[in-house]
Amino acid sequence: MSSCLGRQQAAPGMRAARALAPACRVRQLLSARPVPRSWALAGSSSPCNGAISWETEASVVPEPEVRADGSVAVATAATEGVAAVGLDGNAAVAANGATAAAGDAAAASEQQAQELQQQADGLQQQAEELQQQAQPAKKGSNFINRVVFGIILGFGGAAVVFAGQIPYLCAALFVVYQATQEFFGMLTSKGISKGTPPPTPFVSAATTALCLSITAFTFVSQGRSGAAMSFAAFILLAMNILVDRKPTFAQLTASVFGLFYCGYLPSFWIKLRNLNIAGPQLQLPGLSSESLAAISPYLPTLTVGLVATLTSVACIIAADTGAYFVGKNLGRTKLTEISPKKTVEGAIGGLASAVLVAALFWQIFGWPGSMAAAAGYGVLTFVSSLFGDLIESIMKRDAGLKDSGNLIPGHGGLLDRMDSYMFSGAVAYFYITLVLPRFGLL
């Protein structure tokens, strides 16, 4: 009887434990923090007697309440389980919402970035189109400036050549001074000075003064520029040593080459113009001898120096013009890597133009003595002008410059316009004084 009564009294506790276990199990599965470690029965050795103890890291489940009628209050546990489920569910929903919001924001940002990139591409395309539209106008403007200032320089140069004497000397001194400024400007540029140190400013100024002195001495001494060049080179090398104390070989060669290029070579144009050898009679087609005799008092005295200078300048201009137009319209084969824009076809056009102009001047002035000599003069003038242009291109390329200066609109610096003349004067003087007399063609 007592044993049966004990079993009846224990039955409600077992039923409560069994009713509470599922709710606690739900709480264990849904909560992030609780980790079940052991189940313990409080107050009885039997697993169905007493309260359930849930040991976790941060919480303990309270015992179920056994009422007087034997029922167990499991509402609290169930409510806590439901609340836990609700809280965890809300957190999960919030997390999912945050993830979705972040995804939407990322998608919106990516879409905005794509739109901005498309706008940037559109603006860049518009800028390229505007630049392409502006290039023809810019090229047209440069071509107009090139033609206009080329005509001005041509007429001005012709007037100076005809005048000779002091005006010719002043023009030569200006060319020499500006050439030295542009030459040492290229030497001190980043492209050249990075590899080799340029001469000191004092040596550069001394080179300019010595170049002007060579030009003036050549004019005064009637063409004795060789001795002046040798003496000036000695002074310049001595200055390098005295000023710099420990100059480099590159500094020595740069200063002496500047003296040679900007001082000695231009002096041959002084020597060429001052060749005071009587020239032939002027022969203008369509004019009778009486008409020529009537206008001859108003014309300068024809000498070999005047005719040779005019012929040389005309051949150089014709060579540059012919090479430009033929190369632009027919050029296909690259002439050299030094100047990529020069073509073989352009060079042939320049050569033909120079020879034709030399032959035309031979018809007008009757100099030199034969058509073959005139053609040879045109060939030598073209070759010397071409290599003068290429040599200056080498200097500009090493200096990293497109032009040696900006003195002449449409042409660049003075050296950009006079590079073809640098060696042509010396070649013409050699041809006239040493080659033609040997064949009686002077």
Side-chain angles (χ1 to χ4, degrees), residues 169-221 223-271 338-339 387-407 412-423 425-426 429:
L169 173 63
C170 292
L173 290 174
F174 172 75
V175 170
V176 168
Y177 173 79
Q178 186 63 28
T180 56
Q181 299 306 301
E182 294 180 6
F183 174 79
F184 285 106
M186 289 189 288
L187 283 184
T188 55
S189 65
K190 293 182 180 179
I192 293 181
S193 61
K194 185 184 296 185
T196 57
T200 61
F202 180 82
V203 173
S204 300
T207 305
T208 301
L210 290 172
C211 288
L212 294 171
S213 301
I214 291 175
T215 304
F217 182 79
T218 303
F219 180 82
V220 173
S221 64
R224 297 178 181 177
S225 60
M229 172 64 189
S230 301
F231 182 70
F234 165 71
I235 293 177
L236 192 58
L237 293 174
M239 283 184 177
N240 273 282
I241 297 174
L242 294 175
V243 172
D244 204 358
R245 298 296 180 89
K246 195 176 180 181
T248 63
F249 181 69
Q251 291 175 314
L252 297 179
T253 54
S255 58
V256 173
F257 181 76
L259 185 70
F260 167 78
Y261 187 74
C262 301
Y264 184 64
L265 290 178
S267 69
F268 279 95
W269 286 98
I270 300 287
K271 298 167 73 171
I338 297 173
S339 184
F387 279 91
D389 191 345
L390 293 176
I391 289 171
E392 201 241 352
S393 296
I394 293 174
M395 292 189 286
K396 289 190 296 185
R397 182 188 63 185
D398 287 351
L401 300 174
K402 181 181 178 181
D403 298 319
S404 63
N406 56 1
L407 180 66
L414 186 68
L415 276 180
D416 295 319
R417 184 66 272 165
M418 301 300 297
D419 53 1
S420 300
Y421 294 80
M422 284 299 184
F423 293 93
Y429 187 81

Result block: side-chain N/O donor-acceptor pairs under 3.5 angstrom for residues 210-219, not counting sequence neighbours:
residue : atom : partner : partner atom : Å
Ser213  : OG   : Ala209  : O            : 2.8
Thr215  : OG1  : Cys211  : O            : 3.1
Thr218  : OG1  : Ile214  : O            : 2.7

*Residue pair Ser420, Asp389: steps toward the side-chain hydrogen bond (donor to acceptor under 3.5 Å, both in side chains) verdict*: CA-CA 5 Å; Ser420 300; Asp389 191 345; 4.5 Å; no
*For Asn240, all residues meeting side-chain hydrogen bond (donor to acceptor under 3.5 Å, both in side chains), sequence neighbours excluded*: Ser255
*Would you say the side chain of Leu414 lies within less than 4.5 Å of the side chain of Ser404, judging by non-hydrogen atoms?*
no
*asked:* A side-chain contact here means heavy atoms from C-beta on lying under 4.5 Å apart; do Met239 and Leu242 qualify?
replied: no
*Please assess Trp269 against Tyr421 for the test side chain to side chain contact (heavy atoms under 4.5 Å, CB included), listing each intermediate value before the final yes or no.*
CA-CA 9 Å; Trp269 286 98; Tyr421 294 80; 3.8 Å; yes
*asked:* Please determine whether side chain to side chain contact (heavy atoms under 4.5 Å, CB included) holds for the pair Leu173 and Tyr177, giving the CA-CA distance in whole Å, both sets of side-chain angles, and the decisive distance to 0.1 Å.
replied: CA-CA 6 Å; Leu173 290 174; Tyr177 173 79; over 6 Å; no
Give, for atom [atom1] of [X] and atom [atom2] of [Y], the distance between the pair rounded to the nearest 0.5 Å.
X: Phe184; Y: Thr188; atom1: CZ; atom2: OG1; result: 9.5 Å
X: Leu407; Y: Arg417; atom1: CG; atom2: CZ; result: 12.5 Å
X: Met186; Y: Gln181; atom1: CE; atom2: CD; result: 12.0 Å
X: Ser221; Y: Lys271; atom1: OG; atom2: NZ; result: 8.5 Å
X: Thr207; Y: Phe183; atom1: OG1; atom2: CZ; result: 8.5 Å

Which donor-acceptor pairs under 3.5 Å do the side chains of residues 256-268 make with protein atoms, sequence neighbours left out?
residue : atom : partner : partner atom : Å
Ser267  : OG   : Tyr264  : O            : 2.4

Under the side chain to side chain contact (heavy atoms under 4.5 Å, CB included) test, which residues partner [X], sequence neighbours left out?
X: Val220; result: none
X: Thr248; result: Pro197, Ala250, Gln251
X: Asn406; result: none

Return all side-chain donor-acceptor pairs below 3.5 angstrom for residues 228-238, not counting sequence neighbours, or 'none' if the list is empty.
residue : atom : partner : partner atom : Å
Ser230  : OG   : Gly226  : O            : 3.2

*For Gly413, does its backbone N or O pair with a side-chain atom of Glu182 as donor and acceptor, under 3.5 Å?*
no
*Show your reasoning for whether side chain to side chain contact (heavy atoms under 4.5 Å, CB included) applies to Met422 and Leu415.*
CA-CA 9 Å; Met422 284 299 184; Leu415 276 180; 3.4 Å; yes
*Going by atom types only, do Asp244 and Thr200 share a side-chain donor-acceptor pair under 3.5 Å?*
no
*Locate the shortest heavy-atom distance separating Leu401 from Ser189; write the atom from each residue and the value.*
CD1-CB, 4.5 Å
*Taking everything shown except Arg224 itself, do over 12 heavy atoms lie less than 6.0 Å from its CZ?*
no
*After noting the C-alpha distance and the side-chain angles of Asp419 and Ile391, does the key distance pass the side chain to side chain contact (heavy atoms under 4.5 Å, CB included) rule?*
CA-CA 8 Å; Asp419 53 1; Ile391 289 171; over 6 Å; no
*Taking salt bridge (charged side-chain N to carboxylate O under 4.0 Å, His left out) as the test, write out the residues that go with Glu392, two or more places apart.*
Lys396
